[in-house]
Amino acid sequence: MNRSEQHLVLVGMMGVGKSTIGRALADRLDREMIDSDSIIEARTGRTVREIFADDGEPAFRALESEVLLEALSAPHPLVIAAAGGVVLSATNRAALRRPNARVVWLCADPATLLERVRHGVHRPLLDDDPAGTLQRMFVEREGLYREVADTIVLVDHRSVGEVVEAVLR
Ligand code: S3P
């Protein structure tokens with residue numbers, strides 16, 4: 001499938017910059033950008049944090065999967081900033097590996113991630129021991145991101161513009 005017809009999907013850990021890079025890419029490619037956490041919040045009228053607290057993580061993961069699969073079935077090519085946890089589901093991983101999606105793993109060192117997650121409020125999993133949690137998640141998920149990725153782009157010490165150029169290349 002031609003790249004201009006494929007969805008461009010950004011995956012990677014919390015704090016790596018998927019939403020920021022996704023918006024810049026969508027501008028450059030003149031495409032609509034879908035941010036899975038924002039869609040979930042708009043659709044449910046609740047924040048990610050509230051959904052985790054009231055209904056638990058499995059309920060959040062089900063919504064996350066629904067939004068991802070729906071975005072991947074859109075007829076026109078999108079830029080999709082997928083939430084960090086989408087790779088935990090085998091169904092999601094299989095969908096990401098279909099030919100209509102080009103998946104870019106934005107990869108950063110846990111130290112870079114820690115620096116960047118300080119301002120976000122939608123990450124209840126990081127409330128306790130963010131450094132240790134990020135490190136552990138990185139180890140748990142690294143292989144899963146690698147499994148779905150067509151391309152890996154390293155973001156450490158790179159500006160938004162530099163990462164966007166690297167993704168487009
Ligand atoms: C999560 C990532 C978050 C959000 C939730 C859980 C994860 O999204 O969906 O806090 O498990 O990696 P971002 O990757 O956009 O921060």
Side-chain angles (χ1 to χ4, degrees), residues 7-26 31-72 78-96 101 103-149 151-156 158 160 163-164 167:
H7 299 299
L8 178 54
V9 188
L10 303 178
V11 298
M13 293 277 293
M14 295 185 255
V16 80
K18 299 178 296 287
S19 303
T20 308
I21 305 292
R23 268 191 301 274
L25 280 165
R31 290 189 186 187
E32 188 187 345
M33 127 90 166
I34 297 285
D35 182 314
S36 63
D37 286 336
S38 305
I39 303 259
I40 289 172
E41 293 191 339
R43 195 167 286 181
T44 61
R46 291 187 294 162
T47 64
V48 169
R49 179 172 288 282
E50 286 166 344
I51 300 168
F52 266 81
D54 298 345
D55 303 344
E57 181 170 344
F60 175 79
R61 296 297 174 203
L63 290 168
E64 182 176 72
S65 189
E66 189 181 300
V67 167
L68 176 74
L69 300 181
E70 205 175 283
L72 288 171
L78 302 168
V79 173
I80 302 171
V86 291
V87 292
L88 296 172
S89 142
T91 306
N92 292 350
R93 295 200 300 279
L96 288 168
V103 180
V104 177
W105 174 20
L106 298 180
C107 181
D109 195 81
T112 304
L113 300 173
L114 185 62
E115 183 56 37
R116 294 186 184 181
V117 293
R118 281 190 306 186
H119 306 296
V121 292
H122 70 290
R123 298 174 178 128
L125 295 175
L126 298 182
D127 285 348
D128 305 319
D129 184 24
T133 306
L134 280 171
Q135 181 68 46
R136 202 177 55 249
M137 277 185 173
F138 187 82
V139 171
E140 280 168 9
R141 295 181 180 178
E142 192 182 358
L144 303 178
Y145 291 130
R146 198 178 296 283
E147 182 186 320
V148 297
T151 313
I152 303 174
V153 171
L154 301 178
V155 312
D156 294 304
R158 281 175 148 177
V160 172
V163 174
V164 166
V167 171

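Because the structure is predicted, anything quoted here is derived from the model rather than measured. Atoms within a ligand are numbered from 1 in the order they appear, just like the ligands themselves.
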Looking at [atom], what's its closest protein heavy atom, distance included?
| atom | result |
| --- | --- |
| atom 16 (O) of ligand 1 | Arg123 NE, 2.8 Å |
| atom 5 (C) of ligand 1 | His122 O, 3.8 Å |
| atom 8 (O) of ligand 1 | Asp37 OD2, 2.7 Å |

TODO: Pick one of side chain, backbone, both or neither for how Arg141 approaches ligand 1, counting any non-hydrogen atom pair under 4.0 Å.
DONE: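 Side chain only.
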Open item on the list: Quick one, Arg31 with Leu78, criterion side chain to side chain contact (heavy atoms under 4.5 Å, CB included). Give me CA distance, side-chain angles, the key distance, then yes/no.
Closed with: CA-CA 6 Å; Arg31 290 189 186 187; Leu78 302 168; 5.8 Å; no
TODO: From the options Arg61, Met14, Glu57, select the one whose nearest heavy atom is closest to atom 11 (O) of ligand 1.
DONE: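 Result: the heavy atom closest to atom 11 (O) of ligand 1 is in Arg61.
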- [ ] Please work out which of Lys18, Arg116, Arg49 has its closest non-hydrogen atom nearest to atom 14 (O) of ligand 1.
- [x]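 Of the listed residues, Lys18 has the closest heavy atom.
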Open item on the list: Less than 4.0 angstrom from a charged side-chain N to a carboxylate O is my criterion; do Arg49 and Asp127 meet it?
Closed with: yes
TODO: Only pairs at least two apart or in different chains count here, so list each ring-ring contact (aromatic ring centres under 6.0 Å, His included) that has a residue in residues 38-70.
DONE: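 Those involving residues 38-70 are Phe52-Phe60.
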Show me which atoms of ligand 1 lie under 4.0 Å from any heavy atom of [X].
| X | result |
| --- | --- |
| Ala83 | 8 (O), 9 (O), 14 (O) |
| Leu125 | 11 (O) |
| Phe60 | 9 (O) |

Open item on the list: Are any of the N/O atoms on Gly84, whether in the backbone or the side chain, positioned under 3.5 angstrom from an N/O atom of ligand 1?
Closed with: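 By distance alone, the answer is yes.
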List the atom pairs, donor and acceptor, that lie under 3.5 Å between side-chain atoms in residues 108-116 and the rest of the protein, sequence neighbours left out.
from, atom 1, to, atom 2, distance (Å)
Asp109, OD2, Ala111, N, 3.1
Thr112, OG1, Asp156, OD1, 2.4
Glu115, OE2, Arg118, NH2, 2.7
Arg116, NH1, Val16, O, 3.1

To the nearest 0.5 angstrom, please state how far the [atom1] atom of [X] sits from the [atom2] atom of [Y].
| X | Y | atom1 | atom2 | value |
| --- | --- | --- | --- | --- |
| Glu50 | Thr44 | CD | OG1 | 8.0 Å |
| Arg141 | Arg136 | CZ | CZ | 10.0 Å |
| Glu64 | Leu88 | CD | CG | 7.5 Å |

